[in-house]
Amino acid sequence: MGVDLSDLVAEVKRELSLSEVKGKKVGIDAYNAIYQFLAAIRQFDGTPLMNREGKVTSHLNGVFYRTVNLLEEGIIPIYVFDGKPPEMKSQELENRRKIKEEAERKLERAREEGKIEEVRKFSQMTSRLTSDMAKESKELLGFMGIATVQAPSEGEAEAAYLNSKGLTFASASQDYDSLLFGAIRLIRNLTISGKRKLPNKDIYIEIKPEIIDSSLLVKKLEITREQLIDIAILVGTDYNPDGVKGIGPKKAYRLIKTFKRIENIDKKELDPEMIKFDYKKIREMFLNPEVSLPSVPLDLRDPDPEKIIQFLVKENDFNEERVKGAIQRLQKAMRDLRDMGRQTGLDQWF
DNA sequence: CTCTATTA
DNA sequence: TAATAGAGG
């Protein structure tokens, strides 16, 4: 699940005021977002939302309403979808698969024993994001007039690339990887309604969007992006999930601050035998990931209300009144954005 | 996660 | 008006 840089980032992260993102494009790690929808949008017993054919629709629900909300705040989402995962990620993907299988076994048991809370928890953990779901999400976003970008490989890398090229204002994801991939700004918790249930507890906490400025981060830590990557590699990334045993963010930071890069670390400080992965190759994955310029313009287009209704209401059994209401909000939000674009000379349309 | 009706 | 519970597909 990405790199845990939370300790290092803690000092430079700040609350995002939605006004500073108004009228701007934000790249969204689509898989990251959809996965959260699949895990969270469920009944009390853990059943996801489904249409009459039994096909899961939780992702469509989340994508639709979240997108309308962002646009109402004047934020223009650009959804970036994963392509083919790099070979280097196979270990991590295998780990996730095993965790999921284990959760499926536990789910089975919880069902047998009638433990509702557990059924819910393990249902969430067994969420699967299928290629159909990605396709359907892209289709819906297309009807809404929102640009989607197909990454050649890692979505997170592509979103960072868009950001570094100035095509977006920031990259939105829960993972910190974008910073390693070269994003200028990372936004976490990019939601409008700020409530979330604490795991295993009946407590709701306020979740506020936060922004991390990569230039501020490297300045504060007095390191380069390449050195941040080295720190992440020591701690563990998706390409070397275990990192180096006994090394956490604090120690990794001290080592890289002192010795500048992994190959220079004093053998007395870190036994090279402890490094059980090709760190040069991993470093290269973050420094020069496989990315491509988007094949479509990222500007907003006019939404197609009839297609939205056909897709969500007719084909996926969404409530017509709700959908129509949201379409109204969508259209107004887009009009407002267009007006603002005219005034500032930054028109999002042609 | 987000929406909406209900409640205070 | 704001907070909360329950449903959404």
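Just so it is clear: chains get the letters A, B, ... in the order the sequence lines come, proteins before strands, and each one is counted from 1.
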Starting at atom [atom1] of [X], determine the distance to atom [atom2] of [N], rounded to an integer number of angstrom.
X	N	atom1	atom2	value
Asn61(A)	dC1(B)	CG	P	12 Å
Phe64(A)	dC1(B)	CZ	P	19 Å
Gln43(A)	dG9(C)	CD	C1'	8 Å
Leu60(A)	dT2(B)	CG	P	15 Å
Glu72(A)	dC3(B)	CD	P	8 Å
Ile41(A)	dC1(B)	CD1	P	9 Å
Ile192(A)	dC3(B)	CD1	C1'	15 Å
Arg120(A)	dA7(C)	CZ	P	13 Å

* State which of dC1(B), dG9(C), dG6(C) makes the closest approach to the side chain of Thr47(A). => dG9(C)

Salt-bridged, [X] to [Y], with N to O below 4.0 Å?
X	Y	answer
Glu156(A)	Lys89(A)	no
Arg261(A)	Glu263(A)	yes
Arg105(A)	Glu102(A)	yes
Arg338(A)	Asp302(A)	yes

* **Below 4.0 Å: OP1/OP2 of dC3(B) and any side-chain N or O of Asn69(A)** => yes

* Asked: Taking OP1 and OP2 of dC3(B), is either one under 4.0 Å from a side-chain nitrogen or oxygen of Arg329(A)?
  -> yes

* Across the strands shown, which category fits Arg52(A) at heavy-atom distances under 4.0 angstrom: base, sugar-phosphate, nothing? -> nothing

